[in-house]
*Asks:* 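Below are the structure tokens for one structure; questions will follow.
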Amino acid sequence: MSIQIYNTLTRKKEPFIPLEEGKVKIYVCGPTVYNYIHIGNARPVIAFDTVRRYFAYKGYDVTYISNFTDVDDKIIQAANELGEEVGELTDRFIDAYFEDILALGCTKADAHPRVTDHIDDIIQFISVLIDKGYAYESEGDVYYRTRKFEGYGKLSHQSIDELRVGARIEESEIKENALDFALWKSAKEGEISWESPWGAGRPGWHIECSVMAREHLGDTIDIHAGGQDLTFPHHENEIAQSEAMTGKMFARYWMHNGYINIENEKMSKSLGNFVLVNDIRKQVDPKVLRFFMLSVHYRHPVNFSQDLVESAANGLDRIQTAYNNLKHRLSTSADLGDQKDIWMHKVDEQITAFEQAMDDDFNTANGIAAIFELVKLANVYLLEKNTQAEVLTYFIETLERLMDVLGISLESETDLLDQDIEALIEERLDARKNRNFARADEIRDELKAKGILLEDTAQGTRWKRG
RNA sequence: GGCGGCAUAGCCAAGCGGUAAGGCACGGGUCUGCAACACCCUUAUCACCGGUUCGAUUCCGGUUGCCGCCUCCA
């Protein structure tokens with residue numbers, strides 16, 4: 001079964017057919033680096049990191065590119081306000097970005113190109129568009145001639161005539177048409193700028209992605225992804241630029257993730273309800289944040305609230321506990337029992353269910369359901385008097401493998417017990433043998449106060465951090 | 001005005017033509033020295049009104065209510 005992808009371009013789920021057998025080239029629009037990222041920024045990073053992981057799981061050779069917009073109005077403004085050089089500011093927030101996304105279990109892209117490293121390519125690209133009649137210079141700016149590109153509007157399914165010219169699109173004298181957008185902006189006094197055939201200036205927002213995607217992935221890429229709000233105008237404009245340039249299809253599949261709301265409200269600066277990843281990940285286990293986001297299909301909106309995150313934490317805990325218990329059993333039980341094939345088969349069924357879910361437009365909500373079924377099976381298996389190492393191992397490895405697709409590691413945090421604690425657990429075992437339950441409970445409470453929870457099983461006492 | 005999305009149990013969330021996955025929370029039971037973990041049991045006429053169909057949560061039309069894009073935005 002091939003992977004089905006909902007393609008914004010066609011508004012349909014389509015079987016994924018790579019340009020090149022066994023390979024997939026993905027470009028994800030990255031952040032404008034003038035601040036720490038918020039959880040809304042984190043959603044596409046997590047969603048498409050998961051897409052990337054699943055492709056890899058399926059054996060694809062994935063090339064994954066995500067850019068940094070490191071020069072634009074907001075950056076210049078922020079730098080001015082902070083009295084910092086643009087380059088300093090962007091370096092700082094790029095570092096912060098990596099810290100944040102790594103904490104969230106995302107892998108770095110194969111390349112993170114920056115706009116400021118591609119100025120020459122951008123200038124060249126724009127020059128060709130001008131030569132081809134798709135762009136024109138006007139008072140030091142260069143604009144894209146939207147009317148000239150026939151397919152304009154095909155991604156957002158907007159008719160160019162229906163687009164409302166908002167109050168903020170100025171019917172500028174220097175543009176031929178209100179919908180024309182800037183490829184090159186002339187520099188204002190004192191602004192960071194680069195020399196160009198049209199004078200000192202800097203790139204417009206949309207051109208960078210066309211240039212960098214082409215540079216790193218070629219004329220046509222398999223998947224182009226980003227937040228829903230980028231569909232128009234950003235991605236529409238990218239298509240116009242790239243296809244005018246190459247005459248070839250720019251991206252075959254367009255994926256867009258849904259929004260995040262905060263406590264049922266839109267996240268916005270005016271409401272002051274921005275949640276920065278850098279803050280929240282210090283309060284909530286980033287694994288939980290990731291698990292929470294993946295519990296909803298990527299195209300649907302997700303509501304971020306303390307209660308919902310907490311309930312996700314409890315769910316993830318169920319998976320973690322089962323995993324820990326399997327490991328504990330493996331290390332404490334004899335290799336007995338039979339019916340190996342039956343159990344292995346049941347595990348396989350859930351692997352299939354997981355893959356079917358993920359094949360269906362990366363339906364992580366259903367994938368997680370399959371993992372929970374696996375957990376249920378494991379818990380039932382652990383009820384057996386005798387277990388087989390091979391079965392336990394298969395459960396453990398499968399859980400690791402599937403959770404890894406979701407970018408969540410179940411490996412314990414290398415925190416070994418202090419000798420003191422270990423001694424206490426030993427002492428408690430003795431106390432229980434001697435039916436000195438008062439002392440046993442005392443020890444359990446003492447450890448609980450230190451965040452160590454004890455669980456007595458037929459195979460001995462196991463513990464976990466609580 | 002144009003384009004689009006969503007409405008499923010207390011909460012979250014899949015399903016999208018054959019009478020409802022999964023998780024969280026709640027209640028009852030089993031296991032346990034007591035717990036914890038776990039297991040078992042219990043919980044939904046799928047916003048409303050029409051239509052198509054042998055049959056609709058699922059398709060079509062309409063109504064209501066939320067939401068997004070059309071302007072920087074993940």
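Given the structure is predicted, the values throughout are model-derived calculations rather than measurements. We name chains A, B, ... by the order of the sequence lines, and we start the count at 1 in each one.
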*Asks:* Decide whether a cation-pi geometry holds between A/Arg299 and A/Tyr6; the criteria are a distance under 6.0 Å from NZ or CZ to the six-membered ring centre and an angle within 45° of the ring axis.
*Replies:* yes
*Asks:* Could you give me the stems involving RNA chain B, meaning stretches of three or more consecutive Watson-Crick or G-U wobble pairs whose two defining distances are both below 3.5 Å?
*Replies:* B:1-7 with B:64-70, B:10-12 with B:22-24, B:27-30 with B:38-41, B:47-51 with B:59-63
*Asks:* With a 4.5 Å cut-off on side-chain heavy atoms, are A/Tyr27 and A/Met212 touching?
*Replies:* yes
*Asks:* Check the angle between the aromatic planes of A/Trp254 and A/His224 and answer parallel, tilted or perpendicular using the 30° and 60° thresholds.
*Replies:* parallel
*Asks:* Look at all strands and tell whether A/Ile260 reaches a base, only sugar-phosphate, or nothing, counting heavy atoms closer than 4.0 Å.
*Replies:* base
*Asks:* Could you please name the option among B/A14, B/C69, B/G68 that lies closest to any side-chain atom of A/Gln228?
*Replies:* B/G68
*Asks:* Report yes or no: is there a donor-acceptor pair, N or O only, under 3.5 Å between the side chain of A/Arg432 and the base of B/G33?
*Replies:* yes
*Asks:* Without decimals, in angstroms, what is the distance between A/Leu316 CG and B/A25 P?
*Replies:* 13 Å
*Asks:* Would you please confirm or rule out a distance under 4.0 Å between OP1 or OP2 of B/A74 and any side-chain N or O of A/Asn257?
*Replies:* no
*Asks:* What's the gap between B/C60 and B/G17 when it is taken at their P atoms, as a whole Å value?
*Replies:* 11 Å
*Asks:* Which nucleotide in the set B/G68, B/G33, B/A14 lies at the smallest distance from any side-chain heavy atom of A/His297?
*Replies:* B/A14
*Asks:* Whole Å only: how far is the CD1 atom of A/Ile425 from the P atom of B/A35?
*Replies:* 21 Å
*Asks:* Determine the interatomic distance between C1' on B/U8 and the same-named atom on B/G65; round to the nearest Å.
*Replies:* 16 Å
*Asks:* Would you indicate, yes or no, if B/G4 has its OP1 or OP2 atom less than 4.0 angstrom from a side-chain nitrogen or oxygen of A/His256?
*Replies:* no
*Asks:* With a 4.5 Å heavy-atom cut-off, do A/Val62 and A/Arg53 have their side chains touching?
*Replies:* no
*Asks:* Starting from C1' on B/G33, measure out to CZ on A/Arg435 and report it in whole angstrom.
*Replies:* 6 Å
*Asks:* Run the salt-bridge test on A/Asp317 and A/Lys287 with the 4.0 Å N-O cut-off and return the result as yes or no.
*Replies:* no
*Asks:* Report which part of the nucleic acid A/Ile39 touches: base, sugar-phosphate, or nothing (heavy-atom distance under 4.0 Å, all strands).
*Replies:* nothing
*Asks:* Among B/A74, B/C3, B/G22, which nucleotide has an atom closest to any side-chain atom of A/Ala369?
*Replies:* B/G22
*Asks:* In this structure, how many angstroms lie between the P atom of B/A14 and the CZ atom of A/Arg299, rounded?
*Replies:* 10 Å
*Asks:* A/Asp404 versus A/Leu410: any side-chain heavy-atom pair under 4.5 Å?
*Replies:* no
*Asks:* B/C69, B/G23, B/C37: which one has an atom nearest the side-chain heavy atoms of A/Phe372?
*Replies:* B/G23
*Asks:* Hey, which of these two, A/Leu453 or A/Glu373, hits RNA chain B nearer its 5' end, going by closest nucleotide?
*Replies:* A/Glu373
*Asks:* Under 4.0 Å: is that the gap between some side-chain N or O of A/Asn314 and OP1 or OP2 of B/A25?
*Replies:* yes
*Asks:* Within the 4.0 Å heavy-atom criterion, would you say A/Asn325 contacts the bases, only the backbone, or no part of the nucleic acid?
*Replies:* sugar-phosphate
*Asks:* Would you measure the distance from the C1' atom in B/C31 across to the matching atom in B/C37 and give it in whole Å?
*Replies:* 11 Å
*Asks:* OP1 or OP2 of B/C40 less than 4.0 angstrom from a side-chain nitrogen or oxygen of A/Lys376, does that happen here?
*Replies:* yes
*Asks:* Indicate, yes or no, whether a donor-acceptor pair under 3.5 Å links the base of B/G68 to the side chain of A/Asp229.
*Replies:* no
*Asks:* Identify, between A/Ser156 and A/Gly40, the residue whose nearest nucleotide on RNA chain B lies closer to the 5' end.
*Replies:* A/Ser156
*Asks:* Using the side-chain heavy atoms of A/Val380, tell me which of these nucleotides is nearest: B/C11, B/C37, B/C39.
*Replies:* B/C39
*Asks:* Can you figure out which of B/G4, B/C39, B/A13 approaches the side chain of A/Arg11 most closely?
*Replies:* B/G4
*Asks:* Using a heavy-atom cut-off of 4.0 Å across all strands, would you classify A/Arg439 as base, sugar-phosphate, or nothing?
*Replies:* nothing
*Asks:* Within the side chain of A/Glu84, is there an N or O that forms a donor-acceptor pair under 3.5 Å with the backbone of A/Ala79?
*Replies:* no
*Asks:* Using the C1' atom as the point on both nucleotides, what is the distance between B/G18 and B/C46, in whole Å?
*Replies:* 16 Å
*Asks:* Which nucleotide wins on minimum distance to the side chain of A/Leu383, given the candidates B/C39, B/G33, B/A74?
*Replies:* B/C39
*Asks:* Would A/Lys108 and A/Phe98 count as a cation-pi pair here, with the cationic atom under 6.0 angstrom from the ring centre and within 45° of the axis?
*Replies:* yes
*Asks:* Are any of A/Arg318's side-chain N or O atoms less than 4.0 Å away from OP1 or OP2 of B/C39?
*Replies:* yes
*Asks:* Under 4.0 Å between a Lys/Arg side-chain N and an Asp/Glu carboxylate O for A/Lys148 and A/Glu176?
*Replies:* no
*Asks:* For A/Arg462, run the side-chain hydrogen bond (donor to acceptor under 3.5 Å, both in side chains) check against A/Thr457, A/Asp456, A/Asn325 and tell me which one passes.
*Replies:* A/Asn325
*Asks:* B/A56 and B/A47: how far apart are their C1' atoms, nearest whole angstrom?
*Replies:* 16 Å
*Asks:* Please report the distance separating the P of B/G51 from the corresponding atom of B/U45, rounded so that it comes out in whole Å.
*Replies:* 23 Å
*Asks:* For the P atoms, the ones on B/A44 and on B/G22, what distance do you get once it is rounded to whole angstrom?
*Replies:* 14 Å
*Asks:* Can you check the A/Asn303 CG to B/G5 C1' distance for me, whole Å?
*Replies:* 16 Å
*Asks:* Give one of base, sugar-phosphate or nothing for A/Thr231, where a contact means two heavy atoms less than 4.0 Å apart.
*Replies:* nothing
*Asks:* Using centres under 5.5 Å plus planes under 30 degrees as the test, is A/Phe437 stacked with B/G33?
*Replies:* yes
*Asks:* May I ask you to evaluate whether A/Asn363 reaches the phosphate of B/G15, defined as a side-chain N or O under 4.0 Å from OP1 or OP2?
*Replies:* yes
*Asks:* Within this structure, what is the NE2-to-P distance between A/His300 and B/C16, rounded to whole angstrom?
*Replies:* 12 Å
*Asks:* To the nearest angstrom, how far is A/Met267 atom CE from B/A74 atom P?
*Replies:* 9 Å
*Asks:* Looking only at atom C1', what distance separates B/C6 and B/C12, rounded to whole Å?
*Replies:* 15 Å
*Asks:* Which nucleotide in the set B/C11, B/C39, B/C69 lies at the smallest distance from any side-chain heavy atom of A/Asn379?
*Replies:* B/C39
*Asks:* If we ignore hydrogens and angles and just use 3.5 Å, is the side chain of A/Arg114 paired with the main-chain N or O of A/Phe68 as donor and acceptor?
*Replies:* no
*Asks:* Could you check whether the side chain of A/Arg444 and the base of B/A35 have a donor-acceptor pair of N or O atoms closer than 3.5 Å, going by distance alone?
*Replies:* yes
*Asks:* Return the value, rounded to whole Å, for the distance between atom CG of A/Leu294 and atom C1' of B/A14.
*Replies:* 15 Å
